[in-house]
Structures are given as structure tokens and as C-alpha cells.
Number of protein chains: 2
Amino acid sequence: MEHKIQPLLNYISKYIVLSKKDEAVLMSKLIYRKYLKGQYIAQQGDVCKYECFVISGCTKMFFADEEGQEHIVMFSIEDWWTADMGSFITQTPADYNVQCIENTELVLFSYDVIEELYTEIPQLERFFRKIIEKAFVASQKRIVRSFSLSAKDRYLYFRNQYPKIEQRIPQYMIASYLGITKEFLSKIKGQLIIDQ
Amino acid sequence: MEHKIQPLLNYISKYIVLSKKDEAVLMSKLIYRKYLKGQYIAQQGDVCKYECFVISGCTKMFFADEEGQEHIVMFSIEDWWTADMGSFITQTPADYNVQCIENTELVLFSYDVIEELYTEIPQLERFFRKIIEKAFVASQKRIVRSFSLSAKDRYLYFRNQYPKIEQRIPQYMIASYLGITKEFLSKIKGQLIIDQ
DNA sequence: AAATGATGTTAATCTAGTTTAACTTTTACT
DNA sequence: AGTAAAAGTTAAACTAGATTAACATCATTT
């Protein structure tokens with residue numbers, strides 16, 4: 001299993017230095033799991049049991065509104081996280097679904113394990129603080145963009161910021177992430193081609 | 001100074017238990033400061049030096065876009081935080097301004113002090129992790145509302161969630177926070193009165 | 001009390017983005 | 001290869017919300 005979660009260890013080492021012993025403790029408590037395209041990792045209404053680190057593949061987190069419309073909140077690819085954090089930290093039913101868009105390899109941190117780990121390896125508290133700080137900043141910037149940019153500019157920003165993601169994901173999901181209809185995104189793309 | 005920052009100590013005690021000694025260390029490193037209505041706590045372009053805990057009063061965090069339009073990202077009242085976290089954690093120029101809407105009392109955590117505190121009182125790492133987890137969850141829920149609710153429903157949600165804030169803040173700022181014009185908010189309120 | 005500036009309202013016109021619906025292209029399955 | 005399903009396009013009619021502009025109210029200062 002060691003080599004499979006190596007990307008996670010590399011990722012952690014960017015934030016904190018762990019001893020070999022700590023790494024061993026960590027590895028002994030984590031779950032490595034493969035999912036197929038289309039498979040659900042977590043479901044709206046269930047308590048979110050895991051924080052998930054993506055080793056490979058791609059996931060979307062979304063919810064269905066009263067009319068059954070799907071709204072995508074985030075995508076996650078290699079070296080990023082996914083989970084309904086609200087449900088995870090309060091251990092109450094989730095607002096969101098997490099589903100694989102590609103075959104995906106994950107490392108799962110269960111709620112109980114992560115609490116144990118905070119005690120056994122106090123540095124992980126710092127690690128997760130920093131990760132969440134970054135996620136919070138990104139989230140707030142997204143709010144700002146959603147209010148101050150037009151749909152076209154939000155799309156251009158997305159394309160520029162996540163060129164790798166755009167290739168891998170159907171357009172209608174990108175539209176959902178941007179908060180517009182797939183028809184309007186199609187129109188925007190057509191317009192951009194005309195403008196060259 | 002002790003009694004002035006008591007609300008902060010009470011707030012912290014909801015998340016972690018600090019010894020009297022730790023409390024004394026903490027207090028010795030914090031800055032208590034009063035601001036007048038209209039005064040700026042932080043400015044777009046400057047590096048954000050402090051994380052601020054609000055003892056009393058009210059602040060807004062906002063940015064001015066290219067056309068000079070003001071967009072309000074968040075309000076903060078008693079027992080909440082304010083700062084451009086992105087600027088604070090990276091110590092790079094801020095995207096946002098923070099300004100007092102009322103006379104305001106703050107407790108300031110400077111960047112250097114907070115790093116020292118994480119080392120001297122490791123429990124604070126946990127405390128801030130939990131605070132930021134909550135802030136991140138709230139931020140993500142706001143994204144969801146901005147995409148899935150109409151302006152009217154966002155206003156109703158705001159009014160319901162923050163009844164105390166609504167009383168204290170001019171309507172045009174609430175419109176800015178909701179991502180709509182003051183004229184349209186006025187129309188929504190008129191409509192709500194007719195519907196009763 | 002008058003005057004200034006900040007805040008809030010109303011209404012007409014305009015536009016970014018939605019809805020509906022028909023059609024085309026691509027992908028995946030037998 | 002042939003077919004069905006999924007994904008993407010186009011265009012017309014519509015709507016939520018913006019813009020502009022004129023006016024009303026309220027608070028603060030002189």
C-alpha cells in the first residue's frame with residue numbers, strides 16, 4: 001500500500017515534516033480505495049464518514065435542488081480533497097453528493113481516525129489547519145467572482161485557472177459549476193470563437 | 001485589559017480548555033483596540049497584518065471592482081472574525097478592505113504573534129482549525145445559495161439568518177452583500193409588503 | 001429653520017441569461 | 001457496422017435583475 005499513497009505523503013511533506021514513525025502510524029490508519037466512473041463516494045442525506053484525498057481520477061460534489069436541478073459545488077482531481085466538510089465536522093446528514101467522473105483512487109480519513117491522529121500526531125492539526133485555510137480563501141474568492149464577473153468572464157477564469165480540468169469534464173457539468181445553463185455556455189463558446 | 005477581552009476568552013472556551021497560565025500568555029500577546037465608525041481596519045493593496053476578533057460593533061469586508069463598484073463579501077459583528085485571510089496567511093497584498101460600520105472594539109492577532117502562539121499553546125492550532133472549518137462551511141453554503149436561489153430568496157434567507165444584522169446596516173449595503181442593486185432590493189421589499 | 005448629504009423609492013427601458021424545443025454530433029454498446 | 005443514449009448546438013420567446021433618472025425621506029450641521 002505504501003507506494004499507492006505516496007502522492008499523499010509527498011503532499012503532506014509540503015506543509016509539515018513527519019518522522020518515518022509518524023508516517024507509519026498515519027499509513028496504518030488510512031484506507032486506500034478505488035472507485036469506478038459513476039460511483040458515489042458520499043450521498044446527500046447520509047452522514048459524511050470520510051475526508052477523501054484524491055490520488056488519481058476526478059470527482060464532482062453537487063446537490064439536487066427542489067426541482068431536481070443538479071448544482072456542482074466543486075470538482076476534485078489529483079492532489080486535492082473532497083468531502084461535505086459541513087456534514088463531516090458536525091456528523092450530521094450531508095447536503096451534497098460526491099460522485100466519480102472518472103475511475104478514481106482515494107485515500108480515506110474516517111472521522112474517528114482523524115480525531116485519533118490529531119492526538120497521536122499533533123502536527124497534523126497544523127497540516128489540516130493550513131489546508132482548510134487555503135480552501136476557505138479559494139471559496140471566498142469564488143463568491144467574489146460569482147458576484148462581480150459576468151458568466152463569460154467566469155468561464156474564461158475557469159478555463160485559465162483549471163485548463164487540465166476543462167479537458168476532462170463534459171461541458172454541461174462546467175456550466176453547472178459556473179451557475180449557468182449548458183445552452184448559454186454553448187453560446188459563450190461560440191461567441192469566443194467568432195471574436196477569435 | 002482582562003475584562004475587555006473576556007468575550008474572546010468565553011468564545012475560545014467553547015472550543016478548547018486553556019489553563020489560567022495559557023490565558024495569561026495569550027492575553028499578554030494580544031492587542032485590544034477601538035475604532036470609530038467609518039475607520040478602516042485594513043486596506044486593499046496592503047498586507048493584512050491582523051486577524052481580528054470583534055468584541056463589539058460591526059464591520060464590512062469589501063472590494064472595489066474596476067468600475068469602482070463596491071462588493072461586500074462579509075459583515076462581522078460581536079463574537080465573529082474579520083480579516084482578508086488570503087492576504088494574512090500568505091502575507092501578500094490584500095484584495096479587500098475592512099471598514100467599521102459602527103464604532104467597534106477589536107482584539108488583534110498579529111501574524112508573528114499567532115505563529116508564536118501556535119508553538120507556545122499548541123491547543124490554539126486546534127482552536128483555529130475548528131474556527132476555519134466553520135468559516136469554510138459557511139462560505140461554501142453561500143456559494144450554493146448564490147447559484148440556486150433567486151435574489152428574493154437570498155434576501156429572505158439573510159433576513160431570517162441574521163435578523164440582528166439587518167437592523168443595523170443600511171439597505172444598500174445589504175443589497176451589495178446579496179449581489180444585487182439597491183433599487184432591486186427596494187422592489188423586492190415592496191413586493192414582500194404587498195404579498196403581506 | 002434651512003441646507004446639505006446620505007439613504008431609500010418608483011418607474012421606464014434595457015440586457016444577460018433562462019426556457020423550450022428541434023436538431024446535430026459524439027460516444028458507447030450489441 | 002448499426003443503434004441508442006449522451007452530449008452539444010442553435011434560435012426564438014421570455015424574465016430576473018440592471019441601469020438610468022427623477023423624486024422622497026431622513027439625519028446632521030450651520
Side-chain angles (χ1 to χ4, degrees), chain A residues 36-39 58 60 62 64-72 75 99-103 143-159 165-195, chain B residues 36-39 58 60 62 64-72 75 99-103 143-159 165-195:
Chain A
L36 295 175
K37 179 175 174 174
Q39 210 174 343
C58 183
K60 63 175 176 178
F62 67 98
D65 67 20
E66 309 77 48
E67 286 97 47
Q69 279 292 136
E70 188 175 306
H71 297 270
I72 295 178
F75 298 113
Q99 188 183 15
C100 297
I101 300 177
E102 303 172 357
N103 293 342
I143 290 175
V144 164
R145 290 195 301 275
S146 86
F147 284 133
S148 62
L149 299 184
S150 66
K152 180 180 166 186
D153 288 343
R154 273 179 276 144
Y155 170 62
L156 288 173
Y157 179 89
F158 175 81
R159 208 170 67 163
I165 296 188
E166 203 200 355
Q167 311 312 317
R168 290 159 66 169
I169 291 176
Q171 243 182 71
Y172 74 93
M173 289 190 195
I174 293 171
S176 170
Y177 175 83
L178 294 173
I180 59 179
T181 59
K182 63 193 196 328
E183 291 85 357
F184 192 55
L185 179 53
S186 187
K187 194 170 169 182
I188 287 170
K189 291 185 84 169
Q191 195 53 51
L192 286 171
I193 288 163
I194 291 168
D195 298 353
Chain B
L36 294 175
K37 180 175 173 173
Q39 210 173 344
C58 183
K60 63 174 175 179
F62 68 99
D65 66 22
E66 308 78 47
E67 287 97 46
Q69 278 292 135
E70 188 174 307
H71 297 270
I72 295 178
F75 298 112
Q99 188 183 15
C100 298
I101 299 177
E102 303 173 356
N103 293 342
I143 291 176
V144 164
R145 290 194 301 274
S146 86
F147 284 134
S148 62
L149 299 183
S150 67
K152 179 179 167 186
D153 287 343
R154 273 180 276 144
Y155 170 62
L156 289 172
Y157 179 88
F158 175 81
R159 208 171 67 164
I165 296 190
E166 203 200 355
Q167 309 312 316
R168 289 158 67 168
I169 290 178
Q171 243 182 72
Y172 73 93
M173 290 189 194
I174 293 171
S176 170
Y177 174 83
L178 294 173
I180 59 178
T181 59
K182 63 194 196 330
E183 291 84 356
F184 192 57
L185 179 54
S186 188
K187 195 170 169 182
I188 287 170
K189 291 185 83 168
Q191 195 54 51
L192 286 170
I193 289 163
I194 292 167
D195 299 351

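So that the names make sense, note that chain A is the first sequence line, chain B the second, and so on, each numbered from 1.
Protein chain A contacts DNA chain D from D:dA7 to D:dT10, reading 5' to 3' and using non-hydrogen atoms of the protein with a distance under 4.0 Å.
Nearest heavy atom pair, residue B:Leu36 against residue B:Gln39, reads N-OE1, 2.7 Å. When all heavy atoms of A:Leu192 and A:Arg159 are compared, the closest pair comes out as CD1-NH1, 4.3 Å.
For the atom pair B:Ile188 CD1 and B:Tyr155 OH, the distance stands at 8.5 Å (nearest 0.5 Å). Taken from CD in A:Gln167 to CD1 in A:Ile165, the straight-line distance is 11.0 Å, to the nearest 0.5 Å. Here CZ of A:Arg154 is found 11.5 Å from CG of A:Leu156. Values are rounded to the nearest 0.5 Å. Interatomic distance, B:His71 NE2 to B:Asp65 CG, rounded to the nearest 0.5 Å: 3.5 Å.
Rounded to an integer number of Å, the gap from A:Gln191 CD to C:dT15 C1' is 14 Å. Atom C1' of nucleotide C:dT20 and atom NZ of A:Lys182 are separated by 10 Å, given to the nearest angstrom. One interatomic measurement links the two molecules: CD1 of A:Ile180 to C1' of C:dT18, which rounds to 11 Å at whole-angstrom precision.
Between its opening and closing five pairs, the helix from C:dA1-D:dT30 to C:dT30-D:dA1 changes axis direction by 40°, a value rounded to 10 degrees.
In the region residues 150-158 of chain A, proximity to DNA chain D at under 4.0 angstrom, judged on heavy atoms, holds for none of the residues.
B:Phe184 comes within 4.0 angstrom of a base, heavy atoms only.
In terms of phosphate contacts, A:Thr181 brings no side-chain nitrogen or oxygen within less than 4.0 Å of OP1 or OP2 of C:dG17.
Distance alone, capped at 3.5 Å, is enough to place a donor-acceptor pair between the A:Gln99 side chain and the A:Gly38 backbone.
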Could you tabulate the donor-acceptor pairs under 3.5 Å formed by side-chain atoms of residues 143-152 of chain A, not counting sequence neighbours?
from	atom 1	to	atom 2	distance (Å)
A:Arg145	NH1	A:Tyr157	OH	3.3
A:Ser146	OG	A:Ile143	O	2.9
A:Ser148	OG	A:Val144	O	2.8
A:Ser150	OG	A:Asp153	N	3.3

Under 3.5 Å, which donor-acceptor pairs link side chains of residues 169-179 of chain A to any protein atom two or more places apart or in another chain?
from	atom 1	to	atom 2	distance (Å)
A:Ser176	OG	A:Glu70	O	3.1
A:Ser176	OG	A:Ile72	N	2.9

*Heavy atoms under 4.0 Å is the rule here; annotate nucleotides 22-30 of chain C 5' to 3' with B where the base is hit, S where only the sugar-phosphate is, and - elsewhere.*
---------
